[in-house]
Structures are given as structure tokens and as C-alpha cells.
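Computed from a prediction, not measured in an experiment: that's the story for all the values here. First the proteins, then the strands, lettered A, B, ... as listed; each starts at 1.
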Amino acid sequence: MTRYLVVRLAGAAATLLAVLTFVFVLVRLAGDPVRLMMPDQATAAEVEAVREALGLNRPLIVQYWDFLTSALGGSLGDSLRQGRPALEVVLERMPATLELAFLSFAIGFAAAVALAATAEVAGSKRLRGLFLWIATARQSAPPFLFGIVMVLILSVNLGLLPAIGRNSWLSYVIPVLTISTFEIALYLRLIGSAFDEMREADWVRTARAKGVSRPRLVLRHMLPNALLPVVTVAGINLGVLIGGLVVLETVFNWPGLGRLIIDSVNNRDFPVVQAGVLAIAASFIVINLAVDFLYAALDPRVRLA
Amino acid sequence: MSAPTPLLSIRDLAIEFATPAGPVTAVRGVDLDLAPGRTVAVVGESGSGKSTMAAAINGLLAANGRIARGSILFEGRDLAQATPAELRAVRGRGIGLVPQDPMSNLNPIQRVGRQIAEALSVHGLMRGAAAWSRAVELLDMVGIPDPGRRAKQYPHELSGGMRQRVLIAMGLACRPRLLIADEPTSALDVTVQKVILDEMAALTAEMGTAVILITHDLALAAERADEALVMFRGDMVERGRAAEVMRSPRAEYTRRLIAAAPTLASRRLVGDAVPAAAADPRPRRDRVLAELVGVRKEYPGRRSLFGREPAFAAVEDMTLEIPRGETVAVVGESGSGKSTTAKLLLRIEDATAGDIVFDGRAVTRLKGRALFDFRRRVQPVFQNPYGSLDARWTVGASIEEPLRIHGLGDAVSRRTKVLDALDAVALPREMLKRLPAELSGGQRQRVAIARALVLEPELVVLDEAVSALDVIVQAQVLELLADLQARLGLSYLFISHDLAVVRQIAHHVHVMRRGRVVESGAPEKIFTSPETDYARELIAAIPGAAPRAAPPAPEQPALRRA
């Protein structure tokens, strides 16, 4: 167990190092950072002065080493616009994004489980088909479009909810509704096909032979088994979701990490972009690590070794 | 034959399955009477409808199955007409089930104690801690040592025999009046089979539980049941006192079934071995095709908190030789190392130590081109004909593939060879375009043999190659193998758990246990005067006068062609 933990943490650290390197290379591939950062009418002398000040005139390998060591020391440079440490700027915005992602994910996942289990308990293919049809229809509308339509109806026309921002719990409703309903179809499909596979399984039949009722069979026996393959997908998907909130945060003017990154790209505030990308990568790694442990906890056949 | 107050009385039962090609009748015209505390055996091959009939009794037919006609009176109530809720109340409480395959019949992520306790709690008999302690008691009753600890374990932590005991405990948890035991021990080793059947019989006798024993094995039925009912392709062909059916069968099919079952008295299919080396004038290299000398195969131990657990030796100090044109059998129970031996000779696995020689060359050191040539000369046939053929490839494509891989011949000559191989295994040439799903188990295994033969190998490694087949088909395939050996001079390494089959086909027998050969010799010698206790135990575990047949493939009544 300890050994497993050490191995996995070392793996996570290696991944993070790879991401750091990637970010370092990417920023330099995008062109001369100093040129990008400076106003177009800056003189060559001004550009050179900034280059000097940021240490960007040194050999690449030296810059890389410097970048790595200061990153590992928790410093990712200062924001060019705000003059504060970039990491601080990013961490400030993290909670808004994580709240939105986790809340939407949890609600969407729970809804999918509830719908799949309801259809399976009812033993009705038609009901499941109906659920899946609605979920797929919803999923075929892109979130930004669905979100805008929701704002139009619920805020502009009916005046029930705030349209944008993050001021009260009411302001969560539309973004969460938009993202969580988008997630349902995927999990409904995954859990449904897991049910299909085990419905005629020997051990399911044996459980029925004990006199187990259908609701109990579905909830106590089939569902825990069906969730096993879904958990892995859910972990990856949650990571993707966090990164993908960039667009929606812009639509809803949500003060999260995604909007910060977009603003920073527009403002050419590269230290903040770097820190933001790293933060998203780190949460991806942490979630996957958590999923591995969760999987081992759910499935006794998996040994953490 | 029927008792005055039958517990179960089945009349004119017919069961249909809805298939894309229209309804298929899987069972028709079955009558059965069972008095409290008695045992009736339902005997038949795969596809005979025996398991389907059992599933109909407690309302567990597959989704596309239905009772088309007839009645199933259980304690005076017709289960064929019962509502789902009524059936659920009867299942487990009135009618227990012990299913066939212990590996697939337990929820893999629930503790076994909980699964047993659930049988009690769903019927409101006991709950919580009381149900748990009863589950532990039940585990003790079915002969599981340290039941308190075992109850907390998950299925994968238990051996097959222990899992089957768990299933018996589950089936008997509510002290049902009737127990349906569907091939309860077919997936287990012979020595374990006997113990478990004895335990099950003792428990049902003590509880006064009547038993329906579903089996493919007539000898077992004769030994364990009061009455027997023989089924063939959905029809009940014979019914009577079990011992009588075995002794003087009336139906033609029952006679064939008895004749095909390999016994210690069956006719041997091969001649005796060529006399020992001393009498053989040929040099050793011409006489021996392959040999293993002092071979050892180790698997590394599991990593644990304190480094590695010790390595596990699957095969230890294995020495055997395979003379040209003869069959060498390796017999043993699961875990004995017999399949590992086959894999080592095939070079699917590498030996840890020792020498493996084929035609004078060290197999263990072959690589590249030489290994590729070796693979042409040694071919495997595996146990499960349902798993060893690609479901999307036609029979012709499957048989041709080895020729393509080895770049032998052009399209025309390959086709000729494929047709010759089909002829050799006595399959009609129309089979060429068929898919495996359209073939019976026996036909599939013939295709697998044809695929092995098409390269004209010198050695064929048969790993439980007839074990999944029904006895009548098994007898045909064994004859085919003996015939091919006589005509083509093939050598076989024949891996099996079935002593009676081995006796029919082998020239030399090696009995393995826990990775070691414990006894070797000519088949007649081992069967008439076994030297070790283990060999004696294996022979004694064979039910009745007639040794056991192999377990059949799982039933798929709606799809299977008989």
C-alpha cells in the first residue's frame, strides 16, 4: 500500500514535470515572448531592456533550469499586469471553477445513475430508450448555445434567475444546469451497457434464485458492479470538464480559472497563462490519482500493489 | 414410481424460446414426480433441455423463454401460472438452487457471507447480525474451515471447491423443500467432486430436502439419485429407477450415451507402446521426437509490503519423452502443472530451468527463423472450441491462416490443403464458408484440429482438447485422433484431467500433482495397479463402475444445435 502510494506519487510528479516542460516549450514556440508581451510600437531598446529584465536573453537551457527550479519552489513568476505572483492570481480563481465543475459533475452523474437504475428496475427497454433519447437530444446542443438559451428564457424573459456572474446561490443554477445535463447522456449510456452485459450473467441469475427482488437486485448487486468501469471514464471526463470550462465561464461571465486564462492570453500575461495551465494539469493528475484509489476501494479484486 | 403426495409434479411441460428465426421448442412433453426428500436426476447432453427445464421450475428462464404448455405443481401450486411476486417468495425459500459454475455464480464484489445472509434476509427469516452468524454456521456446515474468516472474504479469494460450497450454503440457507442442483460439480476436480456431492447429500438428507440433480453423467446419476430422467434434444426419452436405467436402458439414445461414456472397461483406441528402448534397434534420435529433462517453471511471487513472496513452482523436475507416432498423456487436477507443461513444450512460456528438446534441437534456445520453423512442426489444440476460433472468420479462413502465416503455397494449393484437412477430420466441404456460430461444439473442435493438421505437424499438443465435448461427440473425436495418428504417424502430448479418456488414447501416462510427476507408466499398469495413493484416489473418485465423463460446455438451449 505504502509502496503503491510512493510509486503513484512519483508518477504524478513525473507527469507534472512533463507538463512544466511542455508549457515552457509552448510559450517559446508561440513566438518571441517579449515581442508578444510588449506593445507593437515599443522600440528595440525597450524590448531589449525587458528581455534583459526577464532573463530571456540567457541560453534556453539556463532559462529552462531556472523556470523548473523556481516552479518547484512554488514561484511561477509575477503577473505582468497585476504585479502579483501569478500562482496567487490563479489560486484565487480556482475555487469558482472547481465548484462549478464538481457540482455539475456530481449532479449529472447522480441523475444518470438514477435514470439508469429506474429504467432497469422497471425492466422497461422503452423507458430507458426514452431517457437516452432525451439525454442525447440535450447533448446534441452545445453547452454555450444551451446556456445562452437558458439565460434568455429563465433570466431575460421570466426574470427568475441572475443571467451572469457569481453573486448568490441562484447564480449557480443556469451554469450547473447547462453542464450537468450535458453530462447525463454519456453516463446513462455507459451504465446502461454495463447493465446489458450483466443482466443474463450467472451470478445475477443466482441472486434471483435466492428470491432477491428486482429493486434490490439492481441497486445492491448490479449497480455497484456497473459503476466499476464507469468510474475510470468519469475521472478522465471530470478532468476534461475542468479544462473545458474556459468557454462557459466566458459565456456566463463566471470568475473562474478559464476566464482568467482567456483574459490573460488577450492581455499577453504569460506567467498567468503558464500558471493557469499548470493548475488545470495538476487537478487532472490529482483526480486520476483519486480515481485509482477509489477503484481499488470499490473492487476488492484490485490490489494496490 | 410416483409417491402419494408429490412435492413437485410436472406435467406435459413445454418450453419455447423466441429467436429471430421464430419460436424454438427447447423442451417438450416432460413429466416428473418428486416426493419429499427424494432425489431425481435429469440426465442429458448439452442442448438436451435439462437446464432449461430446471430454470423453468423456479421461473428463471432467459428473457426470450416461456412456458408454452403444461403445469409445474409445487406443493399444490402451479408455478407455471404464478405471478412474479409469488415466484420470488418461492425462490430460495421453497426451492433452492446450486448452479453449475462456481467461478461465475457469485457477485464478485460482495463478501460471500453477505451473499449467504441475503438469502435469509430477503425472505424475512433473519436480519443483520443474526443472518450473518447463521451464514457463518452454514459455511461451517458445508465444510469450509475457519468459516468466520472466510465469510468476510470475497469470491476471488476462495478456490473453486470452496466457492461451490458457498453456493451450496446459499441454496440451502432457508432449508428449502426442494434443491435444484444444476451440474453442481462439473467444473471441479474429480477428488473434490466426490467430497462435495457427499456433503450435499448429507445436508439435504438431514433437512429432508428433495433434490433435482441435473447432470450429463449417467454414472453419477445412477450413484446419487433414486430416479433418473433422460433427455435428448428437448424430449424425455426415458424415465425410471436410476440404477435400472443405467443397467438396462430401454431407449436407444440412453444405450448410446452409456456406450460412449469412457470407462475403465472401454476399448482402447490405440495399440500398446512400442517396446522399451532396449528392444528398439533405432537410434534414440529417430525414436524420440521430443523430450523434457528436469524442467522447472517458476512464477515470481507477488510483491508484498515486505518484498516478494517466495516464487511459485508450477512445474518441478519434469522429465518425459514423446516417442514418434505415440501419445503421451499428462493427467492431473487443476493446478497440477499439466497445462504449464503443454505451454512449455509449445514455447508459449519459457522454462526457468531444464532442457526441452525437439527433434534433437534445444527448444529453449530457439529464436527467429528456427523458432518459426518449430512452430510449424508443433501445433496446439485447446480446450474450449468456443473460444479458440475467431467468431468472424469462416472455417476456411481459420484453417488457411497457418498456411498464410508460414507463406506456404499459393491460393490454389492452399485451398487444396484446407479441403484435405477438412476431409481428414471428417467435416463436409460445405463447412468451408460457415462461421463458428453455425457449428456445434464437436464440429468446432474438428475445425481446430484441422487447423492444427493443415501444417502437417509432427507433434500436436492437445490441452484438454475433448473435455468440453459431450460424451458421444467426445468418443468420435477420440477415434478421429487415434485414426489420424495411425495414418499420419503423429505424436500427441495429451493433457487431460480425465483418467478414463487417457486410458483409451495414451501409450504412456504421467500423473502430475502440484507440479511434480508422481507416477508414470503404461495406462493399463496405472489403472490396474496404481503405485501411489494419489493415483488410487483419482481412480476411486470416479463414480460407480463407470469412470466420469468430462463436463460439457455451458448450455445455450436457444442457440445450440444438438
Test log, rule side chain to side chain contact (heavy atoms under 4.5 Å, CB included), inputs E157(B) and R301(A): CA-CA 9 Å; E157(B) 296 172 271; R301(A) 289 166 294 186; over 6 Å; no
Contacts of residues 188-206 of chain A with chain B (heavy atom under 4.5 Å):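 Answer by number: E200(A), D202(A), W203(A), R205(A), T206(A).
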Neighbours of chain B found in residues 109-140 of chain A - heavy atoms under 4.5 Å: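 None at all.
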By a 4.5 Å heavy-atom criterion (distance strictly below it), what part of [X] contacts chain A: side chain, backbone, both, or neither?
X	result
L120(B)	neither
L106(B)	backbone
N107(B)	both
A173(B)	neither
Q115(B)	both

Stepwise side chain to side chain contact (heavy atoms under 4.5 Å, CB included) check, R91(B) with K210(A): CA-CA 6 Å; R91(B) 279 187 214 131; K210(A) 284 192 286 191; over 6 Å; no
Region of A209(A) in contact with chain B, defined by heavy-atom distances below 4.5 Å: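 Backbone plus side chain of A209(A), per the 4.5 Å heavy-atom cut-off to chain B.
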Segment of L228(A) engaging chain B (4.5 angstrom heavy-atom cut-off):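 For L228(A), side-chain heavy atoms alone lie under 4.5 Å from chain B.
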Leading residue by heavy atom contact count with chain A [cutoff under 4.5 Å; candidates P108(B), A119(B), A62(B), P99(B)]: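 Looking at each of P108(B), A119(B), A62(B), P99(B) in turn, P108(B) comes out on top.
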Between P224(A), G211(A), A207(A), S213(A), the one whose heavy-atom pairs under 4.5 Å with chain B are most numerous: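 Option with the greatest count: G211(A).
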Greater than 12 external heavy atoms within 6.0 Å of F22(A)'s CZ: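 Not more than 12 within 6.0 Å, no.
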CZ (R177(B)) with more than 12 external heavy atoms under 6.0 Å: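 Yes, the 6.0 Å shell around CZ holds more than 12 heavy atoms from other groups.
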H221(A) side chain vs Q110(B) backbone, donor-acceptor pair below 3.5 Å: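 Checking the backbone N and O of Q110(B) against the side chain of H221(A), no donor-acceptor pair under 3.5 Å is found.
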Contact check, side chains of R220(A) and R114(B), non-hydrogen atoms, under 4.5 Å: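 The answer is yes, as the side chains (C-beta and beyond) meet within the 4.5 Å cut-off.
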Heavy-atom check, side chain of I109(B) versus side chain of L298(A), under 4.5 Å: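 Sidechains of L298(A) and I109(B): no contact.
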Sidechain N-carboxylate O distance under 4.0 Å for E118(B), R216(A):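 Between R216(A) and E118(B) there is a salt bridge, with a charged N closer than 4.0 Å to a carboxylate O.
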